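Working notes, structure below.
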Amino acid sequence: MPRDGYLYTREVLGLEPGQRARVRGWVYRYRDLGSKVFIVLRDPEGILQLVASEEHSPREVLEEARRADIEASIEAEGVVARDPRAPGGVELRLDKLRVVGESHDFPIKGGEGIDYLLDNRHLWIRSRKLTLIWRIRHTALQAFREYFEKHGFWEVSPPILTQAAVEGGATLFKVDFFGDTAYLSQSAQLYLEALIYGLEKVWSLTPSFRAERSRTRRHLYEYWHLEAEEAWARMEDEMRTVEELVAYATKKILDERLEELEQLRQKPERLEPATKTPYPRLDYDEAIARLQKKGFDVAFGDDFGADEERALGEDYDTPFFITFFPLKIKAFYMKEDPERPDRARAFDLLVPGVGEIVGGSEREDDYEKLVQHIKMHGLDPRDYEWYLDLRRYGSVPHSGFGLGVERYLMWITGADHIRDTIPFPRFRDRLYP
RNA sequence: GCCGCCGUAGCUCAGCGGGUAGAGCGCCGGGCUGUUAACCCGGUGGUCGGUGGUUCGAAUCCACCCGGCGGCGCCA
C-alpha cells in the first residue's frame, strides 16, 4: 500500500465486519452525545462514520475525539462494524485517534450567500460538491489530451504575452512589458496557424484572458481554452474533429465519472445522445428562418443573442452546429465561402442550456483576400505582417477551433454558473483569494 | 457599456407611515450511549456599508459615494 496502510473511505466500506482499518482525512460532521462521539470523516473518495465511545474506545481516544471539530484533519484506526444507522451502513469503531491539524469554528457551515462564499473560495473548494466537479474536470482534460494523441495532433505551447489583438483590442488585458505594452492572450489561434507548417495538426490548452466586463453566468475573465488547428482541413473536416472530440470526452466522463455525475444529481441520459456523432448541422439561413417562425425579429446579418441560442437549442437534445455565418459578423481570418461570398466558412457548436461552447472556421488562406478582410474590419494590415507571411510562404487550406473548457463543464456537470467549474474564478472586482 | 436588485450580529434575514435594534443558525458553558443539518437548558453577540443633508430625534426620509449580486450586449 503506497499510503502507509491508510485506506480510503470507499475501501473501508467494502471490508468485512471485524477487520481493522486505518483512515485519514478531514472531519465532515461531528456530534458529541456525552459518552459517545460520532465523527463523519471526509476524504477524496467519500465519507465514513467513525465512532468513539466509552463502550469500546480507550478514554484518551474519546478525549481526542472531542478536539475533532469540523474540518480538523485526523488519523484514525479501529474495527469495521456494520450498522444500518451509519451513513453507508458501515462505521469504524475507534481505538486510535490523532487530531493532526485542529480546526475551530470553520467559516463555512452551510446556508451562506454567494459573496461570502466567494470570499472564502479557498475553503469552499474542499466542499464535496466542488470536489466532484474537480474530478470531472480532471477526466475531461485527460480525455481531450487522449483524443488529440490518438488522432495525430501535436501538443504545442503558444505564448501568453502577445503584442496584438486576435479579434480587436477593446477586451484585452494590458501588461507593462519593460515600458512597452503587452497583452494577455485571448487566443492561441494565430500562433497555432504558424505551427501547422511544421507539424500539420496541433493543439494547445492555455488560459485565455478577456476583459469583456460581461456579467453573465457564462463568462470568466480567465478561462481555459482548448484550441486546435489542422493543415489541409476544410470546414467540414474540422467539424468532424470537433464532434468526435466532444463525443469522446463525454463518453469517457460517462464511463469513468458516472458516480460523480449522479452525486451531482445529473441524469446520465441527458448526456448519452452526445456520445454519438454526427451532431446536427443547422445552416445559418435555416436558423434565421426557424427563429422568424418562432417570432424573433431577425434577418440575415444578425448575430444570435442568448435568447436566440436558447430558442434554437429547444429543438435538440445533443450539441448542434450552426454553420456559414455572414462574413461581416465574423472575425477577419475566417474564410470567405467561394459559392456565397457574403458568408464565412465558420461554425459554432452549441449545447442546450449553455449555448456556444466552440467557435471554429476554415481560415482565409488567400493573401489578397486576407488583406482585404483585415481592412474591411477596420484593422491595419501592417499590424499583421508576420501573420500575412504565413500566406506568402506555402499557404495551405486549414481550419481550426477553440473550445471553452468551463463552458463544456457547465453543460456536463449541470452547474448553473461557470464559476463552479474552475477552482478560483476570476471576475471583475474579485481577485481574492 | 446598459438595465435591475441588495448592503442591519460571525452567517441568513426581519425591523424602514422617523422615537435609540430583533429572530434563527453559529460561537461559549452545561446535559445527553445511536447521532444523520442531532436534541435540551443557559449565555455571548451590532459605529444598522460610508459621507453629507432634512429633523428636537434617522437603521428608517433625501443626495452622493463605496461594495456586492442578477441579467443584457460581446464572446468560448
Side-chain angles (χ1 to χ4, degrees), chain A residues 28-40 47-57 62 65 69-70 81 83-89 91 93 104-120 165-168 170-172 185-189 205-227 242 246 302-310 325 329-331 347-351 354-360 400-411 416-419 421-422 427-430 432:
Chain A
Y28 184 60
R29 296 280 185 263
Y30 170 88
R31 292 175 205 100
D32 181 356
L33 275 68
S35 56
K36 190 169 275 192
V37 176
F38 294 95
I39 295 168
V40 178
I47 59 171
L48 174 70
Q49 175 158 288
L50 314 178
V51 188
S53 69
E54 284 178 356
E55 196 181 330
H56 43 239
S57 304
L62 199 58
D69 283 352
I70 301 291
D83 193 310
R85 294 168 295 190
E91 66 187 19
R93 299 192 171 151
H104 180 64
D105 198 7
F106 189 70
I108 300 174
K109 303 167 201 301
E112 290 84 1
I114 191 62
D115 181 31
Y116 180 87
L117 287 171
L118 286 171
D119 282 340
N120 288 283
V166 173
E167 318 179 15
T171 61
L172 288 159
S185 173
Q186 291 192 323
S187 165
Q189 183 198 315
L205 177 64
T206 60
S208 271
F209 303 88
R210 301 213 178 169
E212 282 171 340
R213 304 187 182 221
S214 316
R215 276 215 67 91
T216 85
R217 62 186 61 202
R218 306 184 310 282
H219 286 83
L220 289 166
Y221 293 88
E222 175 183 298
Y223 69 97
W224 285 81
H225 209 171
L226 184 76
E227 293 171 276
V242 168
V246 170
D302 292 338
D303 211 345
F304 302 134
D307 288 344
E308 286 84 358
E309 286 187 358
R310 208 167 296 128
F325 287 87
I329 62 171
K330 285 294 178 183
F347 61 90
D348 284 352
L349 184 73
L350 281 69
V351 294
V354 174
E356 186 179 349
I357 65 167
V358 174
F401 68 90
L403 176 147
V405 170
E406 289 78 15
R407 291 257 180 102
Y408 172 74
L409 287 168
M410 263 185 96
W411 171 62
D416 55 15
H417 199 295
I418 198 165
R419 66 179 158 235
T421 63
I422 186 167
F427 295 110
R428 188 168 162 72
D429 300 321
R430 190 176 284 285
Y432 174 94

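This is a predicted model, so every value here is computed, not measured. Just so it is clear: chains get the letters A, B, ... in the order the sequence lines come, proteins before strands, and each one is counted from 1.
Distance from the side chain of A:R407 is smallest for B:rA76 among the nucleotides B:rU35, B:rG73, B:rA76. Each of B:rC27, B:rU35, B:rC75 was ranked by its minimum atom distance to the side chain of A:D105; first place goes to B:rC27. Nearest to the side chain of A:Y116, among B:rG10, B:rG34, B:rC69, sits B:rG10. The nucleotide whose nearest atom lies closest to any side-chain atom of A:E309 is, among B:rG34, B:rC75, B:rA37, B:rC75.
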Please walk me through it: do A:D348 and A:F304 pass side-chain contact (heavy atoms from CB on, under 4.5 Å)? CA-CA 11 Å; A:D348 284 352; A:F304 302 134; over 6 Å; no
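Atom CG of A:L118 and atom C1' of B:rG68 are 10 Å apart (whole Å). Spacing between atom NZ of A:K330 and atom C1' of B:rA76 amounts to 11 Å, rounded to whole angstrom units. Atom CG of A:L62 is separated from atom C1' of B:rC32 by 13 Å (rounded to the nearest Å). In this structure, A:I70 places its CD1 atom 12 Å from C1' of B:rU35, rounding to the nearest Å. Straight-line distance from the CZ atom of A:R419 to the P atom of B:rC69: 7 Å, rounded to whole Å.
Going from atom CG of A:L403 over to atom OH of A:Y408 covers 8.0 Å, rounded to the nearest 0.5 Å.
Per the stacking criterion (ring centres < 5.5 Å, plane angle < 30°), A:F38 does not stack onto the base of B:rG34.
With the nearest nucleotide of RNA chain B identified for both A:R310 and A:R85, A:R85 has the one nearer the 5' end. Where A:D416 and A:R218 meet RNA chain B, the nucleotide closest to each residue was compared, and A:D416 sits on the side nearer the 5' end.
Dashed line: the shortest gap from a side-chain N or O of A:H219 to OP1 or OP2 of B:rG71 is not under 4.0 Å.
Across all non-hydrogen atoms, the minimal contact from A:F347 to A:G400 is CZ-O, 4.4 Å.
Partners of A:T216 by side-chain hydrogen bond (donor to acceptor under 3.5 Å, both in side chains), not counting sequence neighbours, listed by chain and number: A:H219.
With hydrogens and angles left out, the side chain of A:E55 and the base of B:rG34 share no donor-acceptor pair within 3.5 Å. With hydrogens and angles ignored, no donor-acceptor pair under 3.5 angstrom links the side chain of A:K109 to the base of B:rG26. Between the side chain of A:R215 and the base of B:rG71, no donor-acceptor pair under 3.5 Å is found.
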